[in-house]
Amino acid sequence: MTEHEQNTDTGDDLPEQMKIRREKRAALLAEGKQPYPLGYPRTHSLAELREQFAHLEPGESSGVTVAAAGRVIFVRTAGKLCFARLRDGDGTEFQAMLSQGKVGAEALDEFKRLVDIGDHLGVTGEVVTSKRGELSVMADSFAITAKALRPLPVAHKPLAEETRVRQRYVDLIVRPEARAIARQRAAVVRSIRAQLDERDFIEVETPMMQVQAGGATARPFVTHMNAYDIDLYMRIAPELYLKRCVVGGIDRVFEINRNFRNEGADSSHSPEFAMLEAYQAYGDYRTIGELTKSLIQGAAQSVFGSQNVELADGSAYDLGGDWAETTLFGSLSEALGENVTVATPLEALRAYADKVELGVDPLWGPGKLAEELFEHLVVPELHAPTFVYDYPEETSPLTRGHRSMPGLTEKWDLYIRGVETATGYSELVDPVVQRERLEAQARLAAKGDDEAMRVDEDFLRAMEYGMPPTGGMGMGIDRLLMALTGLGIRETILFPLVKPE
RNA sequence: GGGCCUCUAGCUCAAUUGGCAGAGCUACGGACUUUUAAUCCGCAGGUUCCGGGUUCGAGUCCCGGGGGGCCCA
């Protein structure tokens, strides 16, 4: 069935229920009524009604006439009396009652003929309670405020996961948890913005379409700009632009926005994902780690009321207090039972990889292989929030060398429930060393590593003007939501990318 | 990239060895002036993801393709 056929009014090929709803829409028009009127003169939201009339006893009448509206989520007809449960966008529900004695036989018949579950409905009447004590509007009049042409799924069977993702609008209508996560996500982002604002960080928006994608090792999406006839890259990280800001004197700067990485999609990776990056002049990896911990704990506290959050499976997860710390090579040595350092030769690391049946890419250097071993052996065990320190220089081309340990950098990764959630650095600010590192990356790219970085001359020019000592961090917003809620990435993103139907 | 599982009515799911494509809810018609997944009576609704093949006969078996999920690399 094509969209065109679905859009016709006759709809001979439509499923029965959709055909019937189209006929009801046509009937409204034929009777001089609007199926999609401009509005409804509401006097109260459903939440306001609940609050204002909470005191009504069962069977009591308030004597107050109100007008309210919401989506019909439940209908019950009992001869000359009908019930409709309305729901507002915030999830508040309120009952409408229509009795033949109040609205008349003709209007009651119209309600039964034309109103379906899923329609938006406005009702005007007195606030009463039913015999069972349910707060209700006893309608004097009603109007359909938007006719739904598709039936809602059955309320008491969970929607298939794929349908929830592909038709999030339906998921949001029928599943309270879907509405909750959308609001929680907004609250978490709001909390992080507020905390950064309190600390005098300036929020900026840097380019998402770039001549050269930099700031991370990842494969970019390519697009084309017709006016200049050049390829542009969707950004893989805002880092190089935020550092330009620090050079320019925006000493505390952050951005919350989308990155795009042309890689796989699975339960913890989305091709587009929201990220926070923050840079603090005269900070380093320690101060920026403290900031990161505060932001996460503050968001948990303000959104969930506790740093010990309840996850989707009902278990508790404690984000409070100080977090565990370890080092990449220390934890890896422990897992292997062999002493491994940044100086361990590639051949020895390959032997360990063979022993634990880890596939090795011949392009990997010792640093990259050590990280892969770490992810394979250590990460699955990192349940409690843990900062992992001291990564090899080889894989961290934008990070300052360690102040006391040659070959290592001042970098940490933060793991929460075994998921890399944030990363932080003492930023490399020496433009000469930075050029050497980027040129080494460019040589990797020339050898066929399409995730390697390219030399960004304008970024190097900015560095040559002098960037102050700086701590920087990046944190995946989607992953933070996963950490705080225990949900999968496809639940924390409203509209994750799905293949076309 | 590899392996396994999966796709059937609006929704959630059945269908034995290859033998008339079913149920619940929803919808539709009827009864009911206090329902809350009401109850009772009645009645509809299908390109079994798509394309081939085997067969007297395919939702089921075979081949190819697509969507989704899980695991592995």
Side-chain angles (χ1 to χ4, degrees), chain A residues 1-2 5-6 11-24 27 56-61 72-87 93-105 107-109 111-119 125-126 128-139 148-167 169-171 173-175 263-269 353-354 356-362 364 369 372-373 375-377 380 488-491 496-501:
Chain A
M1 186 185 313
T2 68
E5 283 166 339
Q6 290 187 10
D12 288 340
D13 295 335
L14 287 175
E16 180 194 29
Q17 294 192 40
M18 288 184 225
K19 207 189 297 182
I20 287 164
R21 285 173 181 242
R22 274 170 172 73
E23 286 163 6
K24 291 179 178 178
L56 276 197
E57 298 294 329
E60 198 178 349
S61 297
V72 177
I73 56 161
F74 178 84
V75 172
R76 177 99 311 128
T77 68
K80 301 182 178 62
L81 182 66
C82 295
F83 303 87
R85 175 161 287 267
L86 304 182
R87 192 171 58 213
E93 297 177 1
F94 206 87
Q95 180 165 273
M97 296 168 69
L98 297 97
S99 92
Q100 184 170 298
K102 278 279 182 191
V103 296
L108 193 69
D109 177 64
F111 177 85
K112 289 195 233 178
R113 272 190 305 121
L114 300 179
V115 177
D116 290 305
I117 289 176
D119 293 351
E126 184 186 1
V128 301
T129 53
S130 72
K131 279 181 184 167
R132 299 277 179 93
E134 185 77 41
L135 264 177
S136 310
V137 176
M138 178 58 84
L149 296 185
R150 288 177 184 266
L152 289 181
V154 175
H156 304 283
K157 290 282 182 181
L159 270 185
E161 204 257 298
E162 185 182 353
T163 312
R164 297 214 313 259
V165 171
R166 284 194 190 273
Q167 298 179 239
Y169 37 89
V170 178
D171 189 31
I173 292 169
V174 299
R175 202 167 56 96
E263 293 161 5
D266 62 31
S267 54
S268 63
H269 296 78
D354 278 350
V356 298
E357 291 176 353
L358 175 70
V360 177
D361 186 326
W364 291 349
L369 181 48
E372 293 286 336
L373 280 166
E375 281 177 29
H376 187 69
L377 295 172
I489 197 164
R490 280 149 68 90
E491 306 290 331
L497 187 75
V498 282
K499 285 200 193 175
E501 285 173 89

Original post:
If we take the P atom in both B/rG45 and B/rC40, what is their distance in whole Å?
Top reply: 24 Å
Original post:
Does the side chain of A/Arg150 get closer than 4.0 angstrom to OP1 or OP2 of B/rC11 through an N or O atom?
Top reply: no
Subject >> Test side chain to side chain contact (heavy atoms under 4.5 Å, CB included) applied to A/Leu152 and A/Asp116, A/Asp119, A/Ile117, the passing residue >> reply: A/Ile117
Original post:
Taking atom P in both B/rU34 and B/rA38, what distance in whole Å separates the two?
Top reply: 16 Å
Original post:
Counting just side-chain N and O atoms, does A/Lys157 come under 4.0 Å of either OP1 or OP2 of B/rC11?
Top reply: no
Original post:
Nearest nucleotide by nearest heavy atom, which residue falls closer to the 5' end of RNA chain B, A/Lys102 or A/Lys499?
Top reply: A/Lys102
Original post:
Quick one: is B/rA27 close enough that its OP1 or OP2 comes under 4.0 Å of any side-chain N or O from A/Arg21?
Top reply: no
Subject >> Residue-phosphate contact under 4.0 Å: A/Arg76 side-chain N/O, B/rA38 OP1/OP2 >> reply: yes
Original post:
With sugar-phosphate meaning primed atoms plus P, OP1 and OP2, does A/Leu159 contact a base, only sugar-phosphate, or nothing at under 4.0 Å between heavy atoms?
Top reply: sugar-phosphate
**OP:** Report yes if a side-chain nitrogen or oxygen of A/Lys24 is closer than 4.0 Å to either non-bridging phosphate oxygen (OP1 or OP2) of B/rA27; otherwise report no.
**Re:** no
**OP:** Provide, to the nearest angstrom, the distance between the CE atom belonging to A/Met97 and the C1' atom belonging to B/rA38.
**Re:** 15 Å
**OP:** Mind checking A/Gly59 for me? I need base, sugar-phosphate or nothing, with any heavy atom below 4.0 Å counting as a touch.
**Re:** nothing
**OP:** Identify whether any heavy atom of A/Ser136 sits under 4.0 Å from a base atom; if not, whether one sits that close to sugar-phosphate; answer base, sugar-phosphate or nothing.
**Re:** nothing
Original post:
Touch check for A/Arg166, heavy atoms < 4.0 angstrom, all strands: base, sugar-phosphate only, or nothing?
Top reply: sugar-phosphate
Original post:
So what does A/Gln95 hit on the nucleic acid, given a heavy-atom distance under 4.0 Å: a base, only sugar-phosphate, or nothing?
Top reply: base
Subject >> N/O donor-acceptor pair, side chain A/Gln17 with base B/rU26, under 3.5 angstrom >> reply: yes
